[in-house]
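My structure is below; once you've seen it, I'll send some questions.
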There are 2 protein chains.
Amino acid sequence: MLTPEDWTILRKSAILRDLPAGDLAALVDERSVRSIERGQVLFQQGDPARAFFLVLSGQVKLSRVNPGGDEAIVHIYGSGESFAEAAMFLGGRYPVAAEAVVASRVMHIESDALRRKVAERPEIAFAMMASMSRHLKVLVDQIEKMKLLSADQRVAEFLLGLCGEKTGAVTLTLPHEKSLIANRLGMKPATFSRAIARIRDLGVDVTGNQASIRDTSAVLAFVNRSAEE
Amino acid sequence: MLTPEDWTILRKSAILRDLPAGDLAALVDERSVRSIERGQVLFQQGDPARAFFLVLSGQVKLSRVNPGGDEAIVHIYGSGESFAEAAMFLGGRYPVAAEAVVASRVMHIESDALRRKVAERPEIAFAMMASMSRHLKVLVDQIEKMKLLSADQRVAEFLLGLCGEKTGAVTLTLPHEKSLIANRLGMKPATFSRAIARIRDLGVDVTGNQASIRDTSAVLAFVNRSAEE
DNA sequence: GGTTTCACTTGATAATAGTCAAGCGTCGCG
DNA sequence: CGCGACGCTTGACTATTATCAAGTGAAACC
């Protein structure tokens with residue numbers, strides 16, 4: 001059940017890569033892996049937080065639902081990324097729900113086992129802190145964008161993020177359904193759709209799940225433009 | 001320069017409380033404390049992150065400024081709270097700027113010294129992770145609120161948060177200027193002002209920096225009401 | 001004491017995003 | 001093949017929030 005590719009992902013993951021192979025094997029085994037269908041829930045908001053998770057393949061979304069049923073996606077994690085360390089760490093309840101957005105394979109690591117390992121190998125603590133720090137930064141970024149950028153700019157910024165290091169003319173594939181991206185960016189699908197239509201004249205084209213950018217620098221300039229100019 | 005009250009704050013702070021007194025003394029001394037005026041900057045966005053901070057008294061705001069000059073306040077920390085652990089930990093640059101919003105006294109703890117202490121006493125790592133976990137949760141809360149609540153609801157929710165455990169009829173003092181609160185809640189001062197006027201009939205009154213709530217449960221019901229009902 | 005400054009409020013108006021609903025294309029399925 | 005289901009787009013309209021600007025009151029300063 002744990003393929004060689006899985007082990008590669010584990011060894012490369014930010015949170016476990018500092019663990020010697022033997023310790024890693026002691027922490028995880030076949031039973032730690034769960035295959036989940038699209039739409040299946042890994043844990044509900046409010047469940048006791050006893051483990052954290054690492055995505056081996058697929059995509060898992062973390063979201064919060066308010067009493068009225070509206071959903072806010074906090075983040076979507078892909079292969080090699082870990083989530084819920086913080087909740088597991090505080091030992092209370094998960095403040096979000098986790099649900100697979102495509103068929104996925106997810107490994108879970110129990111709080112107790114991990115705590116024992118950390119006590120015995122402090123370097124793991126550094127890796128965990130680094131991982132949590134990155135999550136913090138991602139959230140700070142998200143807050144800033146929500147407050148400072150218009151819907152059009154958030155969409156443009158999102159596409160730039162997908163480009164990674166590439167600049168100039170770039171073509172790319174959207175990582176998931178547009179309605180999910182819209183929620184992630186804090187807007188409605190209809191607004192997302194219109195935003196794409198509006199940034200078309202920046203040299204951005206999105207057809208189906210394929211996107212192309214004529215020149216990343218033009219898009220970057222648009223994102224950095226503040227409201228009053 | 002370090003008063004007995006300061007030591008009490010240090011010993012109670014989430015991040016240092018697990019440190020034995022001797023180790024604490026080794027980490028901090030009078031030179032670690034800085035008094036800063038209102039408006040004075042502790043560090044700029046982009047400065048190399050070599051330390052994290054703990055507020056002894058006063059208030060410090062963390063904010064991001066985009067190229068156009070618009071500001072997004074990420075959080076405001078008060079006495080006993082620590083910030084920038086994550087940035088210090090990643091060792092890159094501060095992704096935000098820190099500025100005193102009132103005259104404050106702030107202690108800074110150097111990355112190198114702390115790393116040595118953590119290596120030697122892993123339990124500190126747990127305390128740091130707990131602290132970072134709490135910050136993560138705060139940010140997740142904030143994102144959810146920005147996405148799911150209207151301006152009026154965010155203001156109501158903010159006031160409820162100030163009530164703490166108290167329920168029923170509560171009177172309280174706003175922690176800082178309304179324009180700062182407005183920014184923190186992701187809205188303009190004018191919108192904040194109007195929001196307060198609108199929630200007046202929920203039994204909420206704000207005059208100057210004094211606020212009173214006739215019945216917290218009515219306000220809570222308003223916050224939990226989703227858009228479509 | 002008077003003036004300046006600053007934070008806040010309020011009004012009129014504009015921009016932005018949400019709502020509701022219809023229509024379109026694709027995919028899967030009986 | 002034809003039928004739905006679903007995700008996306010688009011249009012018309014509404015609601016919410018921002019913008020600009022004027023005005024108020026209180027503290028601060030000479």
Side-chain angles (χ1 to χ4, degrees), chain A residues 37-39 61 66 68-73 101-103 145-158 173-200 204-211 222-223 225-229, chain B residues 37-39 61 66 68-73 101-103 145-156 158 173-200 204-211 222 225-229:
Chain A
E37 296 301 312
R38 171 194 163 125
K61 81 167 182 222
N66 76 0
D70 304 316
E71 181 187 33
I73 294 179
V101 300
V102 296
K145 284 167 205 156
M146 289 280 298
K147 286 187 181 174
L148 258 34
L149 302 183
S150 70
D152 294 8
Q153 286 173 309
R154 294 205 296 280
V155 171
E157 200 276 341
F158 176 82
T173 304
L174 300 183
H176 26 249
E177 287 152 20
K178 288 177 184 169
S179 53
L180 280 182
I181 299 175
N183 187 317
R184 227 174 123 169
L185 297 177
M187 68 188 73
K188 300 291 155 184
T191 305
F192 181 77
S193 196
R194 285 185 240 269
I196 285 179
R198 279 190 296 257
I199 60 176
R200 196 148 298 179
V204 175
D205 188 77
V206 180
T207 318
N209 63 356
Q210 293 300 308
F222 172 72
V223 172
R225 182 156 66 218
S226 85
E228 58 264 345
E229 328 175 27
Chain B
E37 296 301 312
R38 171 195 164 124
K61 82 167 181 221
N66 76 3
D70 305 317
E71 181 187 32
I73 294 179
V101 299
V102 297
K145 285 166 204 156
M146 289 281 298
K147 286 187 180 174
L148 259 33
L149 301 183
S150 70
D152 294 9
Q153 286 173 311
R154 294 205 295 279
V155 171
F158 176 82
T173 304
L174 299 183
H176 27 249
E177 289 151 18
K178 289 177 183 167
S179 53
L180 280 182
I181 299 175
N183 187 318
R184 225 173 124 171
L185 298 177
M187 67 189 73
K188 299 292 156 186
T191 305
F192 181 78
S193 196
R194 285 184 238 268
I196 284 178
R198 279 190 298 256
I199 61 176
R200 195 148 297 178
V204 176
D205 187 76
V206 180
T207 318
N209 62 356
Q210 293 300 308
F222 171 72
R225 182 156 66 219
S226 86
E228 58 264 345
E229 332 176 21

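In the text below, chain A, chain B and the rest are named by the order of the sequence lines, each starting its count at 1. Here the structure is a predicted model, which means the values were calculated and not measured.
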Does a side-chain heavy-atom distance below 4.5 Å link B/Lys145 with B/Gln153?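 SC-SC contact between B/Lys145 and B/Gln153 ruled out.
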B/Arg194 side-chain proximity, nearest of C/dC8, D/dT10, C/dT10: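 The answer is C/dT10, which lies nearest to the side chain.
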Which of the following nucleotides, D/dT17, C/dA17, C/dT9, is nearest to the side chain of B/Ala151?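 Ranking D/dT17, C/dA17, C/dT9 by closest atom to the B/Ala151 side chain puts D/dT17 first.
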Nearest-angstrom distance from the residue atom NZ of A/Lys147 to P of C/dA17: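 For the pair A/Lys147 NZ and C/dA17 P, the rounded distance is 17 Å.
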Given atom CD1 of A/Ile196 and atom C1' of D/dC8, what is their separation to the nearest angstrom?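 The answer, rounded to whole Å, is 10 Å.
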Is any NZ, NE, NH1 or NH2 atom of the basic residue among B/Glu177 and B/Lys61 found under 4.0 Å from an Asp or Glu carboxylate oxygen of the other?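 The answer is no: the pair does not qualify as a salt bridge.
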Can you check whether B/Arg198's main-chain N or O pairs, donor with acceptor, with B/Asp152's side chain at less than 3.5 Å?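 Between the backbone of B/Arg198 and the side chain of B/Asp152 there is no qualifying donor-acceptor contact (under 3.5 Å).
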Check whether any side-chain heavy atom of B/Arg38 lies under 4.5 Å from a side-chain heavy atom of B/Val101, and answer yes or no.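 No, every pair of side-chain atoms sits at 4.5 Å or beyond.
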Does B/Arg200 make a side-chain donor-acceptor contact with the base of C/dT9, cut-off 3.5 Å?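 No pair found.
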Answer with yes or no whether B/Arg154 presents, from its side chain, a donor or acceptor under 3.5 Å of a partner atom in the base of D/dT17.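 Not at all, since no donor on one side and acceptor on the other fall under 3.5 Å apart.
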Grab the CG-P distance between B/Leu185 and D/dA18 for me, whole Å please.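 Going from CG in B/Leu185 over to P in D/dA18 covers 11 Å.
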Output the rounded distance in Å from NZ (B/Lys188) to C1' (C/dT9).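 Computing the B/Lys188:NZ to C/dT9:C1' distance gives 17 Å.
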Could you tell me whether the phosphate oxygens of D/dA18, OP1 or OP2, come under 4.0 Å of any side-chain nitrogen or oxygen in B/Thr191?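 Answer is yes, contact under 4.0 Å.
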In whole angstrom, what separates B/Leu180's CG from C/dA7's C1'?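 Value for this atom pair: 11 Å.
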Please report, rounded to the nearest Å, how far the P atom of C/dC8 is from the CZ atom of B/Phe192.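 Nearest whole value for this atom pair: 8 Å.
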Spacing between B/Met187 atom CE and C/dA17 atom C1', to the nearest angstrom: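 Nearest whole value for this atom pair: 16 Å.
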Looking only at side-chain atoms of A/Ala190, point me to the closest of C/dT9, C/dA17, C/dT19.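 So the side chain of A/Ala190 is nearest to C/dT19.
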Closer than 4.0 Å, any side-chain N/O of A/Ser150 to the OP1 or OP2 of C/dA15?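 It does not, given that no N or O in the side chain of A/Ser150 lies less than 4.0 Å from OP1 or OP2 of C/dA15.
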Give a yes or no answer on whether the side chain of A/Lys178 reaches the backbone of A/Pro189 with a donor-acceptor pair at less than 3.5 Å.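 No, A/Lys178 side chain to A/Pro189 backbone: no donor-acceptor pair under 3.5 Å.
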Whole angstrom value for the distance that separates P of D/dG7 from NZ of A/Lys178: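 Atom-to-atom, A/Lys178 to D/dG7, this comes out as 13 Å.
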